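Working notes, structure below.
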Amino acid sequence: MKRILKKIAAVVLLSAVFASCATKRTDCVSTVDEIKARGVVFIGTTGDYRPLSYREENGEYWGFDIEIAENIASRLGVKAEFVPTSWVTLSADTRALPKKFDFAIGGITITESRKETMLMSNGYLQNGKTILCRSEDAPRFSSLADIGKSDVRVMVNPGGLNEKFAREHIKNAKIIVFEQNEAIPNQIALSNADVMITEITEAPWYIQNDTRLASPLLAQPFTHGEIGILMQKGQDDLLSLVNGILQQMEKDGTLSRLRQKYGLQ
């Protein structure tokens, strides 16, 4: 009950704070001053992307990006409050007025299309598309062409870049959209699909924690990119501050320690 009341209070506070500046942004203080005044930074995250952002059944969040967000909050001198979003609604939630959160984090790849309508921080983690498959099927998949065959079932989560990549580059395989991204690896292991389109940041966690799974193309990703922090346009002061904190975290070894902790490149 206390947890439910806490979440209701957070939602009420979030709505009140963001609604006050929704109609006349120019009349408000800067985003950073706003965050410091309220004492909390609201952070959107999908919570379905091990080991970057994951929400346990008890509502607790953990992961590489979760710790980055908490570091940003700490260095701002405020608390971090996580707000659920999804890959389908991520862009709309980020652009929403009144705002739903100050920024979003959790395995978000920097793309030109996102930068056209939103702001993105500098990259802090290399990323790229790869696959998960069953261990016994690893010899079967040595190229993208092997995946794009009519007898291959490819599973993706809806609305994100994984689905976009599959539809653009895998023409003959059967594409299956599965709602819960975090449950897809088990679906592969259970033979309900043959391949999961995923990222080089996500695949290592699963193959290390589930011997039924393999990632035969992990060292040869299909794409190359970086992960960053996403936020609404008009928050240039917050973007500058976040980039500065990320630079500090790189210099003082915080990012390196976190990458090592979570087995990331």
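For clarity, every value in this text was computed on a predicted model and none was experimentally measured. Because only heavy atoms are used, hydrogens play no part in the values below, and waters and symmetry mates are left out as well, while side chains stay in.
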- Message: Please report the interatomic distance CD1(Ile184) to CD(Glu179), rounded to the nearest 0.5 Å.
- Response: 9.5 Å

- Task: Quick one: do Arg114 and Leu90 satisfy side chain to side chain contact (heavy atoms under 4.5 Å, CB included)? Show the steps, please.
- Result: CA-CA 10 Å; Arg114 282 174 173 153; Leu90 176 62; 4.2 Å; yes

- Joint hydrophobic cluster, Leu246 plus Met120, side-chain heavy atoms closer than 4.5 Å: yes

- Item | Neighbour count above 12 (heavy atom, 6.0 Å) for Lys233 NZ | yes

- Note on the structure: Test side-chain contact (heavy atoms from CB on, under 4.5 Å), reference Leu239, set Asn122, Thr31, Leu119, output is Leu119

- Please determine if Asp210 and Arg212 form a salt bridge, counting it only when a charged side-chain N lies under 4.0 Å from a carboxylate O. yes

- Would you find more than 12 non-hydrogen atoms of other residues, nucleotides or ligands less than 6.0 Å from Gln260 atom CD? no

- Item | Between CG on residue Asn192 and CG on residue Asn186, distance to nearest 0.5 Å | 8.5 Å

- Message: What's the separation between atom CD in Gln248 and atom NZ in Lys251, rounded to the nearest 0.5 Å?
- Response: 8.5 Å

- Query: Side chains of Asp65 and Ser53: do they bring a donor and an acceptor to under 3.5 Å?
  - Reply: no

- Is Leu217 reachable from Leu264 through a run of I, L, V, M, F, W or Y residues, each pair having side-chain heavy atoms under 4.5 Å apart? no

- Find the distance between CZ (Phe103) and CE (Met118) and round it off to the nearest 0.5 Å. 15.5 Å

- Message: Looking at Gly159, is its backbone amide N or carbonyl O close enough to the side chain of Glu163 to form a donor-acceptor pair, meaning the two atoms are under 3.5 Å apart?
- Response: yes

- Message: Less than 4.5 Å apart, side chain to side chain, heavy atoms only: is that true for Lys129 and Leu161?
- Response: yes

- Return the minimal non-hydrogen interatomic distance between Gly106 and Thr45, and the atom names on each side. CA-OG1, 4.1 Å

- Message: Counting C-beta onward and ignoring hydrogens, is there a side-chain heavy-atom pair between Asp48 and Gln180 closer than 4.5 Å?
- Response: no

- Query: Do Thr85 and Lys100 come close enough that some side-chain heavy atom pair is under 4.5 Å?
  - Reply: no

- Task: May I ask you to check whether Thr111 and Thr109 show a side-chain donor-acceptor distance below 3.5 Å?
- Result: no

- Message: Testing the basics here: between Trp62 and Pro51, what is the closest heavy-atom pair and its distance to 0.1 Å?
- Response: CZ3-CA, 4.0 Å

- Heavy-atom side-chain contact between Leu76 and Val32 under 4.5 Å: yes

- Give the cluster check for Ile108 versus Val88: same hydrophobic cluster or not, with ILVMFWY residues linked at side-chain heavy-atom distances below 4.5 Å. no

- Query: Which word best sums up how the rings of Tyr61 and Phe82 line up, parallel for under 30°, tilted for 30 to 60°, or perpendicular for over 60°?
  - Reply: tilted

- Task: Using atom types as modelled and distance alone, determine if a side-chain donor or acceptor of Ser30 lies under 3.5 Å from a backbone N or O of Asp33.
- Result: yes

- Message: Is there a side-chain contact between Asn181 and Glu202 in this structure, where contact means two heavy atoms from C-beta onward sitting under 4.5 Å apart?
- Response: yes

- Separation between OG1 (Thr94) and CZ (Phe101), nearest 0.5 Å, reads 3.5 Å

- Item | Result of checking Leu238, Leu97, Asp102 against Gln232 for side-chain contact (heavy atoms from CB on, under 4.5 Å) | Leu97

- Given side chains that start at C-beta, do those of Ile68 and Leu255 come closer than 4.5 Å, heavy atoms only? yes

- Task: Identify whether Val154 and Leu144 are in the same connected component of the hydrophobic contact network (ILVMFWY, side-chain heavy atoms under 4.5 Å).
- Result: yes

- Item | Parallel, tilted or perpendicular: ring planes of Phe222 versus Phe165, cut at 30 and 60 degrees | parallel

- If we ignore angles and hydrogens, is there a donor and acceptor under 3.5 Å between the side chains of Tyr49 and Glu199? no

- Task: Kindly give the heavy-atom pair with the smallest separation between Ala166 and Ile197, and that separation in Å.
- Result: CB-CG1, 4.3 Å

- Task: Say whether Met249 and Val242 are linked into one hydrophobic cluster, either directly or through other cluster members, by side-chain heavy-atom distances under 4.5 angstrom.
- Result: yes

- Without swapping roles, check the side chain of Ser215 against the backbone of Pro204 for a donor-acceptor pair under 3.5 Å. no

- At their closest point, which heavy atom of Ile200 faces which heavy atom of Pro221, and how far apart are they? CG2-CB, 3.8 Å

- Do Gln126 and Glu226 pass the side chain to side chain contact (heavy atoms under 4.5 Å, CB included) test, and can you show the C-alpha distance, the side-chain angles, and the key distance before you say yes or no? CA-CA 5 Å; Gln126 296 296 314; Glu226 287 186 291; 3.4 Å; yes

- Separation of Cys133 SG from Leu213 CG (nearest 0.5 Å): 8.0 Å

- salt bridge (charged side-chain N to carboxylate O under 4.0 Å, His left out) involving Lys171 - partner list, sequence neighbours excluded: none

- Query: Does some side-chain heavy atom of Tyr262 sit less than 4.5 Å from a side-chain heavy atom of Thr201?
  - Reply: no

- Message: I'd like to know whether Glu81 forms a side chain to side chain contact (heavy atoms under 4.5 Å, CB included) with Arg38, so could you lay out the CA-CA distance, the side-chain angles of the two residues, the decisive distance to 0.1 Å, and finally the verdict.
- Response: CA-CA 12 Å; Glu81 183 79 38; Arg38 81 171 89 108; over 6 Å; no

- Message: Holding to side chain to side chain donor-acceptor pair (under 3.5 Å), I want the full list of residues that pass it with Asp194, two or more places apart in sequence or in another chain.
- Response: Arg134, Arg153

- Message: I need the minimum non-hydrogen distance between Thr130 and Ala203, along with the two atoms involved.
- Response: CG2-CB, 4.0 Å

- Among Ile131, Leu132, Asp137, Asp146, whose side-chain contact (heavy atoms from CB on, under 4.5 Å) with Pro216 holds? Ile131

- Query: Hey, mind stepping through Ile72 and Ile229 against side chain to side chain contact (heavy atoms under 4.5 Å, CB included) and telling me if it holds?
  - Reply: CA-CA 11 Å; Ile72 291 172; Ile229 293 171; 3.6 Å; yes

- Here the pair of heavy atoms bringing Ala173 nearest to Ile147 is CB-O, 3.4 Å

- Query: Does the side chain of Val195 come within less than 4.5 Å of Val152's, by heavy atoms?
  - Reply: yes

